[in-house]
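The figures that follow rest on heavy atoms only: side chains count, while hydrogens, waters and symmetry mates do not. Start at 1 and go down the list; that is how both ligands and their atoms are numbered.
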Amino acid sequence: MFFLESRSNKSGGLNIGLMGGTFDPIHMGHLVTAEEARQQFDLDYVIFVPAGIPPHKDEAAISLPEHRYLMTSLAVMSNPSFFVSRMEIDQEQPTYTIDTVRHFACGNEPGPEIFFITGADAILEIFTWKDYEDLLRLCTFIAVSRPGYSLDRFYESLDRSCPDMRHKVHLLEIPALAVSSTFIRERVALSKTIKYLTPEPVEQYIRKHGLYKSGG
Ligand code: ATP
Ligand code: MG
């Protein structure tokens, strides 16, 4: 990551995709989404940013940041364009997307162009995010389809809250994968197979550390 950050600082002009999430655990839905965004938007890198203390989630119910970081690292190992950042998990305070994007945008001109990749469920909540207007100015959003969430009315809400910002949110259709981390956690708790829902090294990590055994 240090290598990556210093490189993007110096050269500028890079297209960097950021994907935030709890990643408890990372799964094929995240990876397919990131890879499709990388290709469609000509991203040089996609950086996964596991959340430290997610502002919107119950802290007690989430695996330790180090577990989530390591599983995410295992999952991206085979993709030369994918990286993982410790930026959020190393913070003691809850972090917000605006802080993360500012960190990677580096405040330099010309800096890298930041694309924030989210699923449909997350983008529908963007108007509740801290400083979302600044966020829309600072980066471009790639909102991907996700089974169970409709983006049909998203632009109407965007026009109401942030007129003239349509060009900052791109909708991207991806092959539908109805997998979620919740689904995987529930299956592990029930001793059901999670093969092919997450990369094999992640599956092995979950087994080795006995994660999700008590449900949740
Ligand atoms: P949980 O069930 O614990 O909420 P999750 O599967 O939603 O987990 P998150 O870590 O909450 O995963 O999500 C990180 C990002 O990935 C979010 O922007 C979310 O919308 C997106 N995402 C997660 N699963 C999918 C999927 N199957 N297809 C498209 N996007 C997804
Ligand atoms: Mg989620």
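Here's the thing with G119: one of its N/O atoms is less than 3.5 angstrom from an N/O atom of ligand 1. An N or O contact shorter than 3.5 Å is missing between T118 and ligand 1 by distance. Considering backbone and side-chain N/O of F23, one or more are found under 3.5 Å from N/O of ligand 1. Considering backbone and side-chain atoms together, V179 places an N or O closer than 3.5 Å to an N or O of ligand 1.
Near A122, meaning under 4.0 Å from one of its heavy atoms, ligand 1 places the atoms 18 (O). Less than 4.0 angstrom separates some heavy atom of M19 from each of these atoms of ligand 1: 15 (C), 16 (O). Taking every non-hydrogen atom of G21 and a distance limit under 4.0 Å, the qualifying atoms of ligand 1 come out as 10 (O), 14 (C). In summary, the atoms of ligand 1 found under 4.0 Å from a heavy atom of L177, numbered by their order in the structure, are 26 (C), 27 (N). Within ligand 1, the atoms closer than 4.0 Å to a non-hydrogen atom of T22 are 10 (O), numbered from 1 in the order shown. Close approach to D121 involves these atoms of ligand 1, each under 4.0 Å from a residue heavy atom: 19 (C), 20 (O).
The closest approach between S145 and ligand 1 falls below 4.0 Å for a heavy atom of the residue. Contact between R185 and ligand 1 is present, with at least one heavy atom of the residue lying under 4.0 Å from the ligand. Distances from ligand 1 to the non-hydrogen atoms of A176 include no value under 4.0 Å.
Checked options L211, T193, I206; the residue passing with V188 is I206 (criterion: side-chain contact (heavy atoms from CB on, under 4.5 Å)). With P50 as reference, R68 is the one residue of R68, E88, M71, R86 to meet the side-chain contact (heavy atoms from CB on, under 4.5 Å) rule.
Looking at T33 against ligand 1, only its side chain comes within 4.0 Å, counting heavy atoms. Under 4.0 angstrom from ligand 1, there are no non-hydrogen atoms of D24.
Checked against the 6.0 Å centroid criterion, the rings of H30 and F23 qualify as a close aromatic pair. A centroid separation of 6.0 Å or more is found between the aromatic rings of F82 and Y45.
Taking the six-membered ring for Trp and thresholds of 30 and 60 degrees, F41 and F115 have ring planes inclined between 30 and 60 degrees apart. Ring planes of H67 and Y205: perpendicular class, angle over 60° (limits at 30 and 60°).
Atom OH of Y196 is surrounded by 12 or fewer heavy atoms from other residues, nucleotides or ligands within 6.0 Å. By the 6.0 Å contact criterion, NZ on K192 is open, its count of non-hydrogen atoms from other residues, nucleotides or ligands being 12 or less.
Remark: the D24 side chain and the S63 side chain contain an N/O donor-acceptor pair separated by less than 3.5 Å.
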